[in-house]
Amino acid sequence: MAKTQSDFFDQVFQVVRLIPKGRVTSYGAIANYLGAKSSSRVVGYAMNASHSQKEFVPAHRVLNRNGQLTGKHHFSTPYLMQELLEKEKIEVKNDTVVNLKKHYWDPAIELAL
DNA sequence: GTAATGACCTTGG
DNA sequence: ACCAAGGCCATTA
């Protein structure tokens with residue numbers, strides 16, 4: 001083991017990086033894919049540590065169950081997250097992703113194929 | 001070492 | 001249907 005953080009973190013980062021362009025997912029979905037749906041908080045915390053990661057992590061594609069940009073304030077700039085999502089052709093209204101169901105990407109399903 | 005917090009989700013009333 | 005509280009795991013103070 002001897003991991004700098006936890007394997008859970010690394011797994012989360014890997015999954016987040018695997019999120020296709022123009023797609024978004026939720027913390028619970030990743031946690032569920034890792035087999036820890038009850039630990040959805042840790043997934044969110046992992047995103048907080050994404051800044052410490054060497055590689056960039058598209059945390060802007062990770063939203064909560066409501067499709068809300070809860071962690072936009074943790075980015076370099078609160079507008080960065082929305083801007084990135086809009087660049088992905090994802091419509092964002094009131095800090096919330098529109099057509100979330102349409103852009104939703106579940107690793108437990110997509111990666112399970 | 002103990003206590004409190006956190007980019008959440010689920011369940012109970 | 002809506003509102004409230006609890007639970008889980010890891011990090012930081």
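Order of the sequence lines sets the chain letters (A, B, ...), proteins ahead of strands, with each chain counted from 1. This one's a predicted model, so the numbers in the text were calculated from it and none came from an experiment.
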> Roughly how many Å is it from CZ in A:Arg41 to C1' in C:dC9, rounded to a whole number?
Replying inline: 9 Å

>> In this structure, how many angstroms lie between the P atom of B:dG6 and the CE atom of A:Met47, rounded?
In response: 18 Å

>> Distance check needed: C:dG7 P versus A:Arg65 CZ, whole Å only.
In response: 22 Å

>> Closest approach to the side chain of A:Asn64, judged atom by atom: which nucleotide of B:dC9, B:dA7, C:dC9 is it?
In response: B:dC9

>> Rounding to an integer number of Å, can you tell me how far A:Asn32 CG sits from B:dT10 C1'?
In response: 12 Å

> Nearest of C:dT11, C:dC9, B:dA7 to any side-chain atom of A:Ser39?
Replying inline: C:dC9

> Base, sugar-phosphate alone, or nothing: which one does A:His60 contact when heavy atoms must sit under 4.0 Å apart?
Replying inline: nothing

> Hey, any chance A:Leu84 and A:Val92 share a hydrophobic cluster, counting ILVMFWY side chains that come within less than 4.5 Å of each other, even indirectly?
Replying inline: yes

> NE2 of A:His51: more than 12 outside heavy atoms within 6.0 angstrom?
Replying inline: yes

>> Measuring from the side chain of A:Val42 (C-beta onward, heavy atoms only), which nucleotide among B:dA7, C:dA10, C:dC8 has the closest atom?
In response: C:dA10

> With a non-hydrogen cut-off below 4.0 angstrom, is A:Asn48 in contact with a base, only sugar-phosphate, or nothing?
Replying inline: base

> How close or far is atom P of B:dC9 from atom CD of A:Gln68, stated in whole angstroms?
Replying inline: 10 Å

>> From CG of A:Leu80 over to C1' of B:dA7, roughly how many Å is that when rounded to an integer?
In response: 14 Å

> Are the charged groups of A:Arg23 and A:Glu110 less than 4.0 angstrom apart, N to O?
Replying inline: no

>> Quick check on C:dC9: is either OP1 or OP2 less than 4.0 Å from any side-chain nitrogen or oxygen of A:Ser40?
In response: no

> So if you build clusters from Ile, Leu, Val, Met, Phe, Trp, Tyr with side-chain heavy-atom gaps below 4.5 Å, do A:Leu63 and A:Ile19 land together?
Replying inline: no

> Looking at the side chain of A:Tyr45, which of C:dC8, C:dT11, B:dC8 is the nearest nucleotide?
Replying inline: C:dT11

>> Could you see if A:Phe75 belongs to whatever hydrophobic cluster contains A:Met47? Use Ile, Leu, Val, Met, Phe, Trp, Tyr and a side-chain cutoff under 4.5 Å.
In response: no

> Counting any heavy atom closer than 4.0 Å, what does A:Ala31 reach on the DNA or RNA strands: base, sugar-phosphate only, or nothing?
Replying inline: nothing

>> Can you measure A:Phe8 atom CZ to C:dC8 atom C1' for me and round it to whole angstrom units?
In response: 10 Å

>> In whole Å, measure the gap between the C1' atoms of C:dC3 and B:dA7 for me.
In response: 23 Å

>> What is the separation between atom OH on A:Tyr27 and atom P on C:dG7, rounded to the nearest whole Å?
In response: 24 Å

